Each structure stands twice: as structure tokens, then as C-alpha cells.
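This one's a predicted model, so the numbers in the text were calculated from it and none came from an experiment. What you see below is based on every heavy atom in this structure, not just the backbone, and it leaves out hydrogens, waters and symmetry mates.
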Amino acid sequence: MERMAGDGEGVRDGGCGREQLRAMAPPPQRVLMLHSIAAPRDAAEASYYLSPERWEWLLVTMRTQGYTCADPNKLLDEGARWGKRELVVSFDDGYDDFYTEVFPRMERYGLRPLVFLPVDWIGKENGWDQAHGLRPRRLLSRDQICELQRHGVRFGSHTRTHPSIPRLSAVEPRRAVGDSKRRLAELLGEEVSFFAYPVGDCNPRVRAAVIEAGYKMAFTTVEGVNRWQDPFAMLRMEWNQRLPMWAYGWKLRSGLGPRQSVKYELGPLWRILPRKLRLPVESAWRRWASRRICLTRQ
């Protein structure tokens with residue numbers, strides 16, 4: 001995904017350091033990103049599935065550390081005051097396990113989820129996944145969506161067919177984002193304000209199409225928390241089976257996993273070190289990462 005600049009980058013260009021920015025920044029807007037609450041069967045699924053046991057652990061961690069779920073519509077209110085431990089929980093794709101694993105826990109944990117739907121696949125199977133060799137999965141039906149809406153679930157568009165929008169021809173992005181908005185609004189009987197870029201793929205042409213279609217906010221798959229972020233390039237914190245359970249609290253606080261946090265904090269210092277000092281460490285890191293991937297796939 002092409003990451004778009006937020007207001008914070010302009011401030012940094014003006015000479016403010018990282019610590020100054022943190023002191024000036026408003027409370028962060030945290031948005032979690034999940035997909036399917038199901039036990040992954042292979043490494044590909046582990047990259048975006050979360051097992052029911054780990055989903056329950058995430059909810060317990062959120063509760064014990066004082067995090068509360070905000071109505072996603074609060075993101076649209078520029079004057080809203082955000083608590084330091086307030087967040088939004090979002091789900092991409094609308095797998096039907098949302099109905100069995102998330103819906104029953106909404107009242108108990110105070111959840112107010114935002115679900116992004118590829119409109120042409122409602123009530124069908126995940127055709128875009130199957131095209132890449134993944135197993136068939138059922139998606140939420142129209143009746144389930146309407147029932148969830150009555151209980152406070154918010155819905156946004158994930159295009160019609162879940163394509164990589166930048167790869168579409170010149171006219172197709174407008175259809176992909178505009179037609180899905182109109183059709184979802186007809187189903188829900190209300191305005192659709194939120195959009196999520198499939199696979200996180202975006203560029204200025206796609207962003208322009210989303211704005212032209214009348215959405216008020218769009219979400220990427222770039223990780224982090226939002227402070228001065230472009231409302232059409234909102235950051236999210238991804239939760240999947242690969243994230244170790246001990247890191248849940250860390251990621252809720254920082255918006256990044258432990259490895260990403262270290263890279264973010266030490267990156268500027270690392271880049272000024274002589275190349276001959278960096279190479280041995282980078283080689284050792286790649287060997288370690290390769291072993292971890294092999295173990296994950298076994």
C-alpha cells in the first residue's frame with residue numbers, strides 16, 4: 001500500500017522532534033482490524049485469522065487494562081474528545097463467524113463493531129480468497145446483517161468484489177467504490193460513511209474516487225494509532241494468530257507489535273550506523289526470521 005502523509009508529517013517537516021510531537025498530540029484514535037474469528041489451518045490463514053481462544057483473550061485484555069469500545073461514528077466527529085483507552089473494533093470481509101463469535105459477546109464486553117462488506121459476496125462464499133487457493137468460507141447473509149444492524153453493529157463498504165483497486169482500469173475504481181456504497185445503503189436503509197481499501201491497496205486515484213463517492217472516512221491496513229491522520233488513510237492495529245498473546249497489551253498501548261515498535265524507535269539511530277556494523281546484525285536477523293517462518297508453517 002502507498003502510505004499517504006498525515007498532518008503529523010507536515011509538523012515534522014517544520015522541525016519538531018518526535019518527543020515534541022507526542023507532547024502536542026491529542027489522545028490517539030485506536031482502530032483494531034480483524035478478519036475471521038476461526039482457528040487457522042495454515043500459515044496463510046494465520047496471517048489474518050484469529051482463533052476463538054485468542055479472541056476471548058484479547059477481549060479479556062482490553063477489559064482488564066481499561067479499554068472501552070467507542071461507537072465508530074465518533075470518528076466522524078472532529079470535535080469529539082477521545083479517552084486515552086478508547087478504541088474502535090473493525091472487521092474486514094464479513095465472515096459468518098462474526099455472527100457466532102462476536103455478536104454473542106457484544107453486550108458482555110461492550111463491543112460496538114464496524115464491519116466492512118464486499119457487497120457482491122453477501123450471503124455467498126469468499127470467492128476472492130478461493131481464487132488464491134484458500135478454503136471456502138461462508139459470509140454474512142442479508143438477514144444476519146439486518147439483525148446485527150438492529151443491535152448496533154455499524155457497516156462500511158469493502159467494494160463490490162474485493163479487488164485490488166489500483167490495478168483496475170481508469171473508470172472501474174469509481175464503480176467499485178460508488179456502486180458498493182449505493183447498494184449497501186439500500187440494504188441498510190441509511191447512509192454509508194466508512195470505506196476500507198481491500199488488501200490495503202490504495203493510491204491517490206483510488207483515494208479521489210472514495211472522496212468523490214461521498215464517503216467520510218477510509219481505512220488502510222497500515223499499522224499504528226491515529227492522531228493527525230488523513231481521514232482517508234486511517235491507520236489500524238491488525239490482530240491475527242501470529243501476534244503472541246503476551247504482546248496484546250503492548251500493541252493496544254503503542255499501536256504496533258514489539259518488533260515494529262523497536263524498529264520505529266531505533267530506526268533513525270540504526271540508519272546512521274556504518275554499514276559494516278549493520279550487516280552482521282541484519283544477516284543474523286534474517287536467519288532468525290527465516291527459522292521462525294519455517295516453524296510457523298510446520
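- No hydrogens or angles considered: a donor-acceptor pair under 3.5 Å links the side chains of D129 and Y95.
- Looking at L76 and S193, their side chains come closer than 4.5 Å, going by heavy atoms from C-beta outward.
- What you find for P166 and R205 is that their closest heavy atoms are O-NH2, 3.2 Å.
- Residue D92 comes nearest to R236 through the heavy atom pair OD1-NH1, 2.9 Å, listed as atom of the first residue, atom of the second, then distance.
- For the salt bridge (Lys or Arg N to Asp or Glu O under 4.0 Å) condition, the pairs that include at least one residue of residues 156-166, sequence neighbours left out, are D120-R160, R160-D179.
- Formation of a donor-acceptor pair under 3.5 Å by the E101 side chain with backbone atoms of D97 is not found in this model.
- Shown are K181, R154, K216; of these, the salt bridge (Lys or Arg N to Asp or Glu O under 4.0 Å) with E191 is made only by K181.
- Taking CD of E125 as the start and CZ of R138 as the end, the distance is 5.5 Å to the nearest 0.5 Å.
- The shortest heavy-atom contact between V192 and G156 is CG1-CA, 4.1 Å.
- Taking both residues in full, the closest heavy atoms of L235 and V31 are given as O-CB, 3.9 Å, listed atom of the first, atom of the second, then distance.
- Of the possible polar contacts, none joining the W121 side chain to the L139 backbone as a donor-acceptor pair under 3.5 Å is found.
- Side-chain atoms of R242 come within 3.5 Å of backbone atoms of A43 as a donor-acceptor pair (strictly under, hydrogens ignored).
- E172 places no side-chain N or O within donor-acceptor distance of the main-chain N or O of A176, the cut-off being under 3.5 Å.
- The pair D230-R207 meets the salt-bridge criterion, since a charged nitrogen lies less than 4.0 angstrom from a carboxylate oxygen.
- With hydrogens and angles disregarded, no donor-acceptor distance shorter than 3.5 Å links the side chain of H162 to the backbone of P198.
- When all heavy atoms are compared, the tightest approach of S164 to D201 is OG-OD2, 2.6 Å.
- Using a distance-only test at 3.5 Å, with no hydrogens or angles considered, a donor-acceptor pair links the side chain of R85 to the main chain of Q65.
- Residues meeting the ring pair (Phe, Tyr, Trp, His ring centres under 6.0 Å) test with Y109, sequence neighbours left out: none.
- Counting all heavy atoms, side chain and backbone alike, G110 lies closest to C69 at O-CB, 3.3 Å.
- Between L256 atom CG and M237 atom CE the span is 9.0 Å, to the nearest 0.5 Å.
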Item to check | Verdict with supporting geometry, E147 and Y99, side chain to side chain donor-acceptor pair (under 3.5 Å) | outcome: CA-CA 10 Å; E147 181 182 359; Y99 191 82; 2.6 Å; yes
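- A side-chain donor-acceptor contact under 3.5 Å links E86 to the backbone of G83.
- Each of Y197, F195, F155, F194 was compared with F116 under the side-chain contact (heavy atoms from CB on, under 4.5 Å) criterion, and only F194 meets it.
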